[in-house]
Every structure is written in structure tokens, then in C-alpha cells.
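First the structure, in the form of C-alpha cells, and then the observations on it.
Computed from heavy atoms alone, side chains included, the values below leave out hydrogens, waters and symmetry copies. When a ligand or atom number is given, it counts from 1 through the structure's own listing order.
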Amino acid sequence: MSEKPTTAFALSLLSGLMILVGSILWTMLGTLLAFFFGLGFLLYAFLFFGIIILIGAVMMYMNPRSTRMWGIVILLLGLFSLVGVTTTLGGVLAIIGGALALAWNPSRAVSTTPPPPPTDTGAYCPTCHGQIRYIQEYQRWYCDREQKYV
Ligand SMILES: [Zn+2]
């Protein structure tokens, strides 16, 4: 089982949802402005920020190797969302989520997993000629027959 960036995922997902909700106002305003000026569609940006952050959160959970890349994207979109007033709180969460994704260190998970069992090497004990195993933990050869290190 591989380690997941759970905290970064949860925060990013929450921030994406908050920005999405916050963007409703801007999307409606943008639609209204687009009707008169044509440029109102620019206000749809917040809607896309929310959607992309949600995708990023899910992607980093599905494929933890992409966590750092999505961390940058989510952090940047969080910064942009700060100016949206209704999306500001979601933006703050996205920045924290993105920063956590960037700081996420999967190598920590490797150190907590138990070491693999000693492998059969086909090596033999010099005194009793029984099969010996290499114990990774102690970095020594162990003779099962005599129950001692050789
Ligand atoms: Zn032996």
C-alpha cells in the first residue's frame, strides 16, 4: 500500500469546493456582463480555478507521484482566488493545501514500512554447512541450524 498525501488532498478538495461555491456569484455576474460587454466571461476564471483545484486534489490522491506538480498548480490558483472576495477563504485553503502537497515527502512512508524478510541466498555455513541467511537488520549472516551469527 502506498502512502497518500491525505491532508493536502482533503484541504485542496475543500478549497476547490469553496472556490466553486464562491465563483457562482462571479459566474452569474460574468454571464450578465457578457450579455452587454462580451468580456464578462473573464469572470468565469474563478469557476475554472475551482474545477482545476478539484481535479488536482483528486489526481494527487490517485497518483501521489504527481502531488508536487499539482501542489504548484493549486497554490498558484489559490493565490489568484484571493482577489475574488467570495473565493478568498477557499483561496487561503488552496494555498495551505498546495503548500502541504509541495512539502509532502513520500520517502517518510518508506522508512516506516517493515524491512523485507531475509532472502534465501543459497549461502552455506562454514562450520556446519547448513544454509545461512543474511539478516538485513544486523547486516550479518545467521546460521539457523546452530542459531548463531557466522
Ligand atoms: Zn552453522
Side-chain angles (χ1 to χ4, degrees), residues 1-30 41-150:
M1 204 185 92
S2 61
E3 185 79 5
K4 303 275 191 188
T6 316
T7 314
F9 161 72
L11 268 179
S12 299
L13 199 75
L14 187 66
S15 73
L17 286 172
M18 286 176 75
I19 291 170
L20 215 58
V21 170
S23 73
I24 292 171
L25 183 80
W26 292 112
T27 305
M28 290 192 326
L29 191 68
F41 285 113
L42 287 175
L43 293 176
Y44 285 20
F46 296 112
L47 180 72
F48 288 114
F49 292 169
I51 291 170
I52 293 167
I53 288 173
L54 280 181
I55 292 171
V58 172
M59 288 303 283
M60 75 166 74
Y61 195 79
M62 303 279 278
N63 180 15
R65 288 176 69 180
S66 70
T67 298
R68 293 181 133 249
M69 187 202 79
W70 283 110
I72 296 167
V73 173
I74 291 170
L75 200 131
L76 281 175
L77 294 181
L79 278 173
F80 294 147
S81 300
L82 287 180
V83 301
V85 187
T86 53
T87 58
T88 300
L89 194 60
V92 172
L93 277 182
I95 290 167
I96 299 169
L100 280 175
L102 276 173
W104 185 64
N105 187 6
S107 67
R108 239 187 311 172
V110 176
S111 63
T112 54
T113 53
T119 48
D120 191 314
T121 52
Y124 295 96
C125 174
T127 50
C128 73
H129 303 289
Q131 200 164 61
I132 53 175
R133 295 182 294 130
Y134 188 70
I135 311 297
Q136 288 284 343
E137 203 176 339
Y138 300 107
Q139 304 202 325
R140 289 184 68 183
W141 292 91
Y142 185 79
C143 175
D144 280 315
R145 196 179 294 182
E146 293 172 288
Q147 299 196 337
K148 65 163 191 171
Y149 287 96
V150 294

Check: T127 side chain, C125 main-chain N or O, donor-acceptor pair, under 3.5 Å: no
Pairwise distance CG(N105) to CD(E3) - rounded to 0.5 angstrom: 10.0 Å
Closest approach to the Zn ion (ligand 1) by E146, given as the N, O or S atom name: OE1
Close side-chain approach of Y142 and Q147, heavy atoms under 4.5 Å: yes
R68 side chain near I72 side chain, heavy-atom distance below 4.5 Å: no
With the Zn ion (ligand 1) as the apex, the SG/SG angle for C125 and C128 - to 10°: 110°
Contact check: H129 to the Zn ion (ligand 1), N/O/S below 2.8 Å: no
